[in-house]
Amino acid sequence: LQKESLAQIKDAVDAKKVNEIRVHVLGKKGPLTEVLRGMRDLPAEERPKVGSFANKVRDEIGTALEERRSELEAERTAAKLAKEKIDVTLPGVQVKQGQPHVLEQVIDQIEELFLGLGFQVIAGPEVEEEHYNFEMLNLPKDHPARDMQDTFYITDSILMRTQTSPVQARTMEKHDFSQGPLKMISPGKVYRRDTDDATHSHQFHQIEGLVVDKHITMADLKGTLQLVAKTLFGEEREIRMRPSYFPFTEPSAEVDVSCFKCGGKGCAVCKYTGWIETLGAGMVHPNVLNMAGIDSEVYGGFAFGLGPDRFAMLKYGVNDIRDFYLNDVRFLEQFSQKG
Ligand code: PHE
């Protein structure tokens, strides 16, 4: 029995088989238990001899079972490890890295500049009340200047904002001047009822800036915009301001940046005049301050509005604004920040 069992154990191919042998040989109904049980029929003097022999056999079989078990386990672990081995010399799989959208890059750059100047970045609703989009900005109902911004109306008094200026109106209303001057920019999407073409999109972006404090002058506005131009278009850029009209600023100005080389065809526009029109600005109209509950006799301010879409087109020579919204990776990949 011993020999036979030991041979079987040696041949056992897995842990299950080892366990089967254990149950079969050493179990309650196994031959060894049988022998030990049969001892009571033996003469008293033979019992110790048979008993100790049977126990020895049981121990040996037990040990052999245990050895085979751990042997099999070691084999299994080794096989598993061999299977999981990683060949570090194999070529890797290239993971394509994404990047912020080119418009996001321009917006980030402007936000960073203004955060550095101590401005707050404030967001507001894209679905806006007519009251904040127009009335509070000195554009009463039937004001002809509403034609400058063709509007998507949702109801009689709710619309898709045509500019980010309503965010300024909302912020001015709430501002507590005992805490210091109001300095903010509001980046975001705006909507106009334009037919999409190379230079128009029914949805585009604006970043508007607003400063309200005592003793604000046009020189503060010009200095700030000069910094924007240099940060985005290069240190050598100059700006010039031309008289213009916006309902919420007086005086108002159209701001041009001196011509620069950007490599693309879009840059050709400034070849003849030496200047490119980039943004609108002005000194906040007293009506706008008063409507927001700010005393225009004491406080004054400047505001400007720029379009990241237009900035990105100028900076990178993009000729069609729709390219920004088509999400064609071949287009977007050109603006890798890795340089
Ligand atoms: N909100 C204006 C527009 O969309 C731009 C602007 C903002 C002009 C602030 C002047 C001052 O036309």
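Counting starts at 1 for both ligands and their atoms, following the listed order.
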Determine, for E71 against R76, whether the closest basic-nitrogen to carboxylate-oxygen distance falls under 4.0 angstrom.
no
Would you list the pairs meeting salt bridge (Lys or Arg N to Asp or Glu O under 4.0 Å) in which at least one residue belongs to residues 8-17, sequence neighbours left out?
K17-E20
Quick one: side-chain hydrogen bond (donor to acceptor under 3.5 Å, both in side chains) partners of E60, sequence neighbours excluded?
Q2
Determine whether a donor-acceptor pair (N or O, by modelled atom type, separation under 3.5 Å) exists between the side chain of Q206 and the backbone of T164.
yes
Is it true that R240 and D256 make a salt bridge, defined as a side-chain N closer than 4.0 Å to a carboxylate O?
yes
Any protein N/O atoms within less than 3.5 Å of an N/O atom in ligand 1? List the atom names and distances, or say none.
residue, atom, partner, partner atom, Å
ligand 1, 1 (N), Q163, OE1, 2.8
ligand 1, 1 (N), S165, OG, 3.2
ligand 1, 1 (N), E208, OE2, 2.6
ligand 1, 4 (O), R192, NH2, 2.8
ligand 1, 4 (O), Q206, NE2, 2.6

Which ring-ring contact (aromatic ring centres under 6.0 Å, His included) pairs, counting each pair once, include a residue from residues 123-176, with sequence neighbours left out?
H175-F177
